[in-house]
Amino acid sequence: MKGFTTKVLHTRYPKKDVHGSLRPPLYDSVAFEFDNASEIQQAFEGKLPAHTYSRISNPTVEDFETKMRVLTDSRGVIAVSSGMAAITNVILTLCSAGSNIVSSRHLFGNTISLFEKTLKDWGLEVRYADMSDPGSIESKIDEHTRALYLESITNPQLEVVDFSVVSGCAEKFGVPLVLDGTLTTPFLFRSRDYGVAVEVVSTTKYISGGATGVGGVIIDNGLFDWGQSPKVSPLSGQYGQFAFLAKLRREVFRNCGSCMAPHHAWLNTLGLETLALRVRQSSDNAMTIARFLAGQPEVKAVNYPGLPESKHHAAASVQFRGLFGGLVSFELEDRAQCFRFIDSLAIIRKATNLNDNKSLIIHPASTIFGEYTVEERLDMGIAENMLRLSAGIEDWEDLIDDIKQGLKNI
Ligand SMILES: *Cc1c(COP(=O)(O)O)cnc(C)c1O
């Protein structure tokens, strides 16, 4: 089995279902029963592979994790309650007070807040580097650096860097490269092929199959020697190259209570079956919309890595599957025009999510990045006159008609 969707559909449930159910069963159960005391003891010691309690593991969640592992050819996957939980768990597993991480400046809004507020209070330092410049990255790394961190397509700036260059820097200093691959998903970008040690994905977006549930995954690509990570290496003796996953499952993930609900895992498994179809359709729609917007005099700038004039086109073309994802950002004259445009849309919905089946629009400066000052926003690449549109899977003609009438009303 080689193809993405064939793998999703034909990776079997780990145990044969008593009824031969083709759709994996949903075990919405907290606890699991054993035959005797010694079996429970063995399960707790990890000697008997069994589920004990669903905060730690669950058969339906395991099925989703297994499919994600097979799809990504990775060492292992842990499903968590949200994309933010995935990021938090990874940083807590790699860093202690006094550690630093070297990150791209262009990050998802809540990730900046996690780094700058929540984790700063616990002694984490975040150093920002220009991820397109190895000199900038290397000048920020020191003996306390525990990870390099970046996003596959930054949101909403839509930047794409050469990931091999960044992973080259990470390798040179023995630091794991952590990538937020939410906007590409493992369908568009095989992070393992570009030296990414750990990928986090918010399954809330494309994978959930249409905004059905909040969730996330942590993927250990199996490339990094965990003996090099001061916090993970003490587990290397017992768990070998599974030390990072063991540190999570047996400590950080378990203790933080970041588990994915079985129902969400079931929905995500269903979503995975159509992921490739939906990513293709939404990417095609985004391309059509970006081309259309680029020809409109009211539109001051269009940002989409699929456009040949985008400065990220070359990097995106090589590294992704010839598709560029569903997000387009563009600029009108000012904030007032952006608001009038949003208010006059009839099909495209006004909502903060992205990579839904429905097309969604938002004004980032007044919403997701509203807690920052104008100067801070400009530093993050969030202009006052920028709109972010997430193309869904509707018929493209209807989306273009909606945008046309929106532009008439600005
Ligand atoms: C949405 C998003 C997150 C956070 O995911 P949640 O599931 O909402 O917690 C993280 N990174 C990126 C790039 C996102 O788009």
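We count residues from 1, following the sequence as given. Start at 1 and go down the list; that is how both ligands and their atoms are numbered.
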Within ligand 1, which atoms have a heavy atom of [X] less than 4.0 Å away?
X	result
Thr204	6 (P), 7 (O)
Asp180	10 (C), 11 (N), 12 (C), 13 (C)
Gly215	7 (O)

May I ask you to check whether [X] has an N/O atom sitting below 3.5 Å from an N/O atom of ligand 1?
X	answer
Glu151	no
Phe108	no
Gly83	yes
Thr111	no

Does [X] come within less than 4.0 Å of [Y], counting only side-chain N to carboxylate O?
X	Y	answer
Glu371	Lys117	yes
Arg105	Glu159	no
Arg190	Asp73	yes
Lys140	Asp130	no

Margin query: With a 6.0 Å cut-off on the ring centroids, do Tyr206 and Phe187 count as close?
Written below: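 Centroid distance Tyr206-Phe187: not below 6.0 Å, so no.
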Check: Among protein heavy atoms, which lies nearest atom 15 (O) of ligand 1, and at what distance?
Finding: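 Of the protein heavy atoms, Lys205 NZ, 2.8 Å lies nearest.
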Next item on the list: Report the nearest protein non-hydrogen atom to atom 9 (O) of ligand 1: residue, atom name, distance rounded to 0.1 Å.
Entry: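 Atom 9 (O) of ligand 1 sits closest to the protein heavy atom Met84 N, 2.9 Å.
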Notebook entry, point to check: Does CZ in Phe173 sit with more than 12 non-hydrogen atoms of other residues, nucleotides or ligands closer than 6.0 Å?
Noted result: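 It does: Phe173 CZ has more than 12 such atoms within range.
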Note to self: Can you confirm whether the side chains of Glu394 and Ser359 place a donor and an acceptor under 3.5 Å from each other?
What the structure shows: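 The criterion, which ignores hydrogens and geometry beyond distance, is satisfied for Ser359 and Glu394.
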